[in-house]
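As structure tokens, the structure follows; a few thoughts come after it.
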2 protein chains.
Amino acid sequence: MSLTTQVPHLKTALKGPLLELEKHFLDNRAQIESWFRKQFKNTPAPFYASVDLRNAGYKLAPVDTNLFPAGFNNLHPDLRSLAVHAAQTAVTQACPIADGVLIIPENHTRNTYYLENLYSLKEIIEAAGYEVHIGSLMADLTEPMQIDLPSGNQLLLKPIERKDDRVGVEGFFPCAVLLNNDLSGGRPEILENIEQTLLPPLELGWADRYKTEHFAHYSVVTKAFAEMLGLDPWLINPTSISCGPINFKERTGLEELAGTVNKVLEQTQKDYDAHNIACKPFVIVKSDSGTYGMAIMSVNSADDVLNLNRKQRNKMASVKEGLQVEQMLVQEGVYTYEKMDDAVAEPVVYMIGSQVIGSFYRVHTGKTATDNLNSPGMHFEPLSFAESGVVPDETQNPDASPNRFYAYGVIARLALLAAAREIAEAKGSLTQIDAI
Amino acid sequence: MSLTTQVPHLKTALKGPLLELEKHFLDNRAQIESWFRKQFKNTPAPFYASVDLRNAGYKLAPVDTNLFPAGFNNLHPDLRSLAVHAAQTAVTQACPIADGVLIIPENHTRNTYYLENLYSLKEIIEAAGYEVHIGSLMADLTEPMQIDLPSGNQLLLKPIERKDDRVGVEGFFPCAVLLNNDLSGGRPEILENIEQTLLPPLELGWADRYKTEHFAHYSVVTKAFAEMLGLDPWLINPTSISCGPINFKERTGLEELAGTVNKVLEQTQKDYDAHNIACKPFVIVKSDSGTYGMAIMSVNSADDVLNLNRKQRNKMASVKEGLQVEQMLVQEGVYTYEKMDDAVAEPVVYMIGSQVIGSFYRVHTGKTATDNLNSPGMHFEPLSFAESGVVPDETQNPDASPNRFYAYGVIARLALLAAAREIAEAKGSLTQIDAI
């Protein structure tokens, strides 16, 4: 067995030789774990997060960090007790006296994928020993609503209510309130200034949060991390520049956007040259706030932006719940070279507190290595444990999948730390980050 | 997936219908987890422990609680990340600033099973992000000694040294010192009054500890637990009476021992009658301190004690490292009705901090349901995850093995809480235990 089991031993899709970067992480795992421990002691991790990664072989980077993760139903059941233990630690840390947790979900009552996720999340926290109820923000919900799920389980959504400075449902007003709603629709009045512990805080919803800020924090984090390891930070950090305001419908700001796209393409070409990489640079343009794989495109040149047709512009003009797109993030595209059954795949890593608790592959049979995979037609492949136990891992090659997956857990936790620093900044408690 | 995943979903050997008791635990798991959380908040769990259980169908009880567990190498590799996460939490709780951990092992240099365990334990703590060195108490060790293990790994034992009020090896004097030596040989002078955090404290070694005290604490714990659940505490608590001094070699105290055996047999018969159990009572007589399955016998009558031959008396007269047997624990025998491939088996549950991190079966092909299985000829069957994921567990019967294993995790943690209370008593910080 190897020393990498801070992160579960999961199967990965990548079969090629172990990358220089992954080897470097493996060789320095004790130092890495110790560093993370210090960082998360200074800056507590969010209650939970999921991070989308892209592994280009020469570069391994996060492309999206979700502070309101759905998809808990896609994690492999064998990993469930990891999630339960981590949830117990995370709730206790946020709220030592908590006996119950109120979950505030998205307002999707017809998206059964989302609702199965909500059921799994509720189960995890219940198994950690908390009473859990779901308080819905839906305006038209006046009494409890039972939903039958495809899995055969039932979910009970109750209308959230406010009593003085606390929110709850039917006499249940626990210390811990967990948001599983990304607030794309804005900051709900009912949650303002509550005395309970809201996880994560309102400021981290998409009504206030910008991806640019996340990647700025990520840049600071990776700089310190790379310095500690004597590593080139570019290998784990995608170039990210914000750009705006842009109005796709009215075609304003597109020239500036094209200029920014050019800038990132040129910078990426320089970096490719410096690292002897023979790939063609590409750029991802995405809304600086919001999620759900909307308002995102992969482009190869400034012209791609200038020549958008009306349908494409309309698509870029809106994200979930009509949140207005004004600012864009222009980011160096990272190829994904992982494949499952010939379809491109990217790993999505789940964390509760500061611990990696599982992962799955987002797989898309209709896409290529430069495409955004978070789009209709994708499916999920839960990662189970890699075969092990018969032969100790040290006797396996360092590119055996349990060893390989460690690197994903490291990068995901760097993004987690960046998110933790976003929260600390919102609370006015951000501290200096040190390499050592 | 079920709500029982506070404890890993493991396979169990028992195939019969779910017992009343196990069902009761499953129905009240949220309340149980919440209760444990409160108890371990008031009374911190030991760094680690393993508990031997016996499942008689009508009764489920711990028979041995080991505060210096070996056997980490027998745990299933898939569970390794659970152990790593739990170790990180446990070290942080004991020693928030710890960067390293010194392990003090047993002095067995030829027992490769033990040394493989030591290697696994070292790996777990290293993977949690700590520098780990092994400081040996062996008197004749003057320089580092490398041991090649059958697994192909190497272990480096270094002579422990003391500098002022700290112990360490070669300039490594970390905050946390982990005992994996049960101190059967007495309290080592070098460990007295060190300023580092010793886990567990010296008082919990076999030089000072009595099983009787553990079971007295266990009795208090189960009384509160049973009261909370409206449960008959006898179902989880074996009658235990201490008896001594006894000198088997000189045949002194044997009459008193026979009397105590009779007392426990009679009490057990009464309890069997009250519970409509048609089994024949038996009694386990074991040394009140010490471990390793020595000085232990299973008896059916007082005559069994009075008619011991010389060989049997010699065996009862000594435990590991010549620790003198003077006081005996006379305990209600609990049948084990679990079998693996027709051999009797008993589950051994491992915990780090307050979390169950794995389990294996101790299996003995040459023994019966009333025998002590911790004896030469035993072997170990690591428990892997139960098949799951295809069908959600709620649609499985409640006696599906993941559900069944939950009960083992509950009883093991009750014994863990009893051990935590032993530590609190040694430190003078024992508090009242409440049912609610």
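What's counted below: heavy atoms across the whole structure, side chains too, no hydrogens, waters or symmetry copies.
- The two residues B:Val356 and A:His85 have their closest heavy-atom pair at O-CE1, 3.2 Å.
- Annotation: the span from B:Glu33 atom CD to A:Glu126 atom CD amounts to 12.0 Å, rounded to 0.5 Å.
- The side chain to side chain contact (heavy atoms under 4.5 Å, CB included) search around A:Ser34 returns A:Arg37, A:Lys38, B:Asp99, not counting sequence neighbours.
- Within 6.0 Å of CD in B:Gln432 there are 12 or fewer heavy atoms belonging to other residues, nucleotides or ligands.
- Here A:Gln355 contributes atom CD and B:Thr89 contributes atom OG1; the two are 5.0 Å apart, rounded to the nearest 0.5 Å.
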